[in-house]
Amino acid sequence: MRLSELFFTTLREAPAELEMPSARLLVRAGYIRQLGSGIFTLLPLGFRVAQKIEAIIREEIDAIGGQEMSMPVVHPADLWRESGRYQKIGPEMVRFKDRASRDMVLAMTHEEVVTDLLRDIVQSYRQLPLIVYHFQTKFRDEPRARGGLIRVREFVMKDSYSCDLDSAGLDRSYRLHYDAYTRIFERIGLETVPVGADVGMMGGSLAHEFMVLNPLGEDTLVLCENGDYAENQQIAGVRKPDSAPEDALPLEEVDTPGTTTIASLAALLEVGTDRTAKAAFFADRSGRLITAIVRGDFDVNETKLANAAGALDLRPAQAEQIVAAGMVPGYGSPIGAHDTLVIVDDLVAASPNLVAGANRDNTHYRNVNVPRDFAPDLVTDIVNAREGDTCPHCGGRLRLANGIEVGNIFKLGTDFSAALGATYLGEDGERHPVVMGSYGIGLGRSLACVVEAHHDDKGIAWPASVAPYAAHLVAIGGARDASVTDAAEGLYQRLTDAGVDVLYDDRDESPGVKFTDAELLGMPLILTISPRSLAAGGAEVTVRATGERSIRTIEELEAELVAELVAR
RNA sequence: CGGGGCGUAGCGCAGCCCGGUAGCGCGCCUGCUUUGGGAGCAGGAAGUCGCCGGUUCGAAUCCGGCCGCCCCGACCA
């Protein structure tokens, strides 16, 4: 491709509203353009990268037996009513009516459609197992798009679905995807950490997320220094510290003016935050008040709390509701409370003589003991693992890191097949629900993560596997020296004819512009042909990622690039 | 949805406080010169100042409403 003909432009300065390095570079280099909040166009360069990533994913999913197909983006709402998600999912699903007033939705994911196909097509155990997949647009009306391509509302996902006879089959399909994902991300140049994860709206029993470590990532990961433990903080286990045994002392009221935070309370009473109990108040969608009690040195984990409460989602409770339940925000505890579900962290239950709210302004109790002073509805782990906590596996130190989720794998089980009636007739003559798994990779997000991982202050430095072109050919001084143009045109022609993708900067621009753009665009190799390089014997080859330069004859260069193409 | 910020030419910005002919840099077009690190000179094109309404002789500027975008939080497969 000749740069003079490519539909693109580079920008000296990125649009002010973009902060994420990948978004700034992709816009500046002419790979993407933003149309609206969380809605992007892939320009020809960006589209080529997406296609390269897609091709790698396709190879790997085909290799584990996946059959590619294509499912629609617009679905009848009734299908989603059957699975229950029409009611369960909030406003992030776009709903509308067609001209006949039928309720429709935009696809956020495709479990329902796959399951609908299964109940239509699969009758016998002989038709299983199978893996189907597609690359398709999803629309999720995120409350807040952010980070360029990292969190968008419209995006293409590779989603595959495994359909098995039983859970042993699902285990195999899950493992196949786990290994395929590991290869895929390695091939596209992403270092990922698979972490155990919450199953969220997918339901099912087991899930992993493939995370790219990135300080701007939206997820918090809990990692063991010994490398034997990696989980999303949403579900990460916590080995609780032991508390020294003490006899329960009598409840004692204490004046604590102006101490609505644990920090100020502990400072006033001159005790550690680990001697306090913290109350946090949430409401679920049905309006039920949930009071969470954790030790003052820990934070509430809302995912664990929601799972413990059996709640679909949690929101901070309104002060009026807390007061109506007999508690005082800032000085709250379940002592004397009513009309609330009380969920207590197991560490609180094991810690004697804590300071807790007295449900009166400026007043706390000392020596609160569970269950002597209030009766929990449930005692379980509802706190976040912290930096430096003890690994539940090996006793090593845990560290926290931010990550971006580029892929996920879920064991769905039979939730969808049972709800929609996707069953097969087994060898035993009985009907059984198909056992399903669901596996996603976000294309655009992966693309952005590659840029996050492969760039410098000059621009992008694509890994060869996903670069839109294998090389960027720059001709310098062609206007004065016809031999430069001849050599560059000749090399471009022969490489192109040989099937090597070359981006050829044939524009009438100054050397500075051409070099700067080449570095910004980020092809793995920059080939410079100029009077100087010709005098030195051919073309100058610069490895974009390392800056390493060397001179090759045109023939060597051709042979090398063609050989590399064949190798891939 | 709560908090904060921003909308003026393709991009980056000034002008707004204190109302009076819409500006700067880059980019773009034409010509000449230049050609190994974002060239020089000359000429030129391009803006409903986000939208609607109000105040005023007069609004980019003041007032009200709305819309859009970004950041933090909430939320999130």
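Within every chain, numbering begins at 1; the chains are lettered A, B, ... in the order of the sequence lines, protein sequences first and strands thereafter. Fair warning: this is a prediction, and the values are worked out from it, not measured in the lab.
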Problem set entry | First of A:R532 and A:T9 reached from the 5' end of RNA chain B, by closest nucleotide |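 In this pair, the answer is A:T9.
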For this session: Please figure out whether A:S530 or A:F40 has its closest RNA chain B nucleotide nearer the 5' end.
Result: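 Nearest-nucleotide comparison on RNA chain B picks A:S530.
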Separation of the [atom1] atoms in [N] and [M], to the nearest angstrom:
{"N": "B:rG20", "M": "B:rU33", "atom1": "C1'", "result": "44 Å"}
{"N": "B:rC49", "M": "B:rU21", "atom1": "C1'", "result": "15 Å"}
{"N": "B:rA45", "M": "B:rG36", "atom1": "P", "result": "33 Å"}
{"N": "B:rG3", "M": "B:rC63", "atom1": "C1'", "result": "24 Å"}
{"N": "B:rG27", "M": "B:rC11", "atom1": "P", "result": "15 Å"}
{"N": "B:rA22", "M": "B:rG31", "atom1": "P", "result": "32 Å"}
{"N": "B:rA14", "M": "B:rA9", "atom1": "P", "result": "12 Å"}
{"N": "B:rU48", "M": "B:rU61", "atom1": "P", "result": "16 Å"}

Atom [atom1] of [X] and atom [atom2] of [N]: how far apart are they, to the nearest Å?
{"X": "A:E92", "N": "B:rC1", "atom1": "CD", "atom2": "P", "result": "14 Å"}
{"X": "A:L35", "N": "B:rC69", "atom1": "CG", "atom2": "P", "result": "9 Å"}
{"X": "A:L11", "N": "B:rG27", "atom1": "CG", "atom2": "C1'", "result": "9 Å"}
{"X": "A:I529", "N": "B:rU35", "atom1": "CD1", "atom2": "C1'", "result": "16 Å"}
{"X": "A:D508", "N": "B:rG31", "atom1": "CG", "atom2": "P", "result": "12 Å"}
{"X": "A:L520", "N": "B:rG38", "atom1": "CG", "atom2": "P", "result": "15 Å"}
{"X": "A:E142", "N": "B:rC69", "atom1": "CD", "atom2": "C1'", "result": "17 Å"}
{"X": "A:L18", "N": "B:rC11", "atom1": "CG", "atom2": "P", "result": "12 Å"}

What is the nucleic acid contact for [X], judged by heavy atoms within less than 4.0 Å: base, sugar-phosphate only, or nothing?
{"X": "A:G90", "answer": "nothing"}
{"X": "A:P143", "answer": "base"}
{"X": "A:I441", "answer": "nothing"}
{"X": "A:E209", "answer": "sugar-phosphate"}
{"X": "A:A207", "answer": "nothing"}
{"X": "A:T516", "answer": "base"}
{"X": "A:R445", "answer": "nothing"}
{"X": "A:S533", "answer": "base"}
{"X": "A:G477", "answer": "sugar-phosphate"}
{"X": "A:D517", "answer": "base"}

Spell out, as yes or no, whether a donor-acceptor pair under 3.5 Å connects the side chain of [X] to the backbone of [Y].
{"X": "A:K158", "Y": "A:Y439", "answer": "yes"}
{"X": "A:N402", "Y": "A:P215", "answer": "yes"}
{"X": "A:Y504", "Y": "A:L491", "answer": "no"}
{"X": "A:R153", "Y": "A:S37", "answer": "yes"}

For this session: Check every atom of B:rA39, B:rC69, B:rG73 against the side chain of A:S37 and return the nucleotide holding the closest atom.
Result: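 My answer, after comparing the listed nucleotides, is B:rC69.
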For this session: Return the nearest nucleotide to the side chain of A:E540; candidates are B:rC69, B:rG36, B:rC71.
Result: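 Closest nucleotide to the A:E540 side chain: B:rG36.
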[X] (side chain) and [N] (base): donor-acceptor pair under 3.5 Å:
{"X": "A:E509", "N": "B:rG38", "result": "no"}
{"X": "A:R480", "N": "B:rG36", "result": "no"}
{"X": "A:E13", "N": "B:rG38", "result": "no"}
{"X": "A:R315", "N": "B:rG2", "result": "no"}

Verify the distance criterion only: is there a donor paired with an acceptor across the side chains of [X] and [Y] at less than 3.5 Å?
{"X": "A:Q234", "Y": "A:D198", "value": "no"}
{"X": "A:D159", "Y": "A:H134", "value": "yes"}
{"X": "A:S162", "Y": "A:H177", "value": "no"}

Exercise. Under 4.5 Å between any side-chain heavy atoms of A:I554 and A:I529, yes or no?
Worked result: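 Yes - at least one pair of side-chain heavy atoms lies under 4.5 Å apart.
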Exercise. Can you find a pair of side-chain heavy atoms, one from A:P329 and one from A:V323, that are under 4.5 Å apart?
Worked result: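 With C-beta onward as the side chain, the pair touches.
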Exercise. Side-chain N or O of A:R12 less than 4.0 angstrom from OP1 or OP2 on B:rG27?
Worked result: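 The answer is yes; a side-chain N or O of A:R12 sits under 4.0 Å from OP1 or OP2.
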Exercise. Between A:Q234 and B:rC76, is there a side-chain N or O to OP1/OP2 distance below 4.0 Å?
Worked result: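 False: A:Q234 side-chain N/O out of range (4.0 Å or more) of B:rC76 OP1/OP2.
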Problem set entry | Mutual orientation of the aromatic rings belonging to A:F210 and A:F185 [parallel < 30°, tilted 30-60°, perpendicular > 60°] |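 Rings of A:F210 and A:F185: tilted, 30 to 60°.
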In the structure shown, which nucleotide is the Watson-Crick or G-U wobble counterpart of [N], with both distances under 3.5 Å?
{"N": "B:rC6", "answer": "B:rG68"}
{"N": "B:rC11", "answer": "B:rG25"}
{"N": "B:rC57", "answer": "B:rG20"}
{"N": "B:rU34", "answer": "none"}
{"N": "B:rC76", "answer": "none"}

Exercise. Got a sec? Which of residues 145-157 of chain A come in under 4.0 Å of RNA chain B, heavy atoms?
Worked result: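 RNA chain B contact set from residues 145-157 of chain A: A:A145, A:R146, A:G147, A:R151, A:F155, A:M157.
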Exercise. What salt bridge (charged side-chain N to carboxylate O under 4.0 Å, His left out) pairs are there with at least one residue in residues 211-220 of chain A, not counting sequence neighbours?
Worked result: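 For residues 211-220 of chain A: A:R146-A:E218, A:R151-A:E218.
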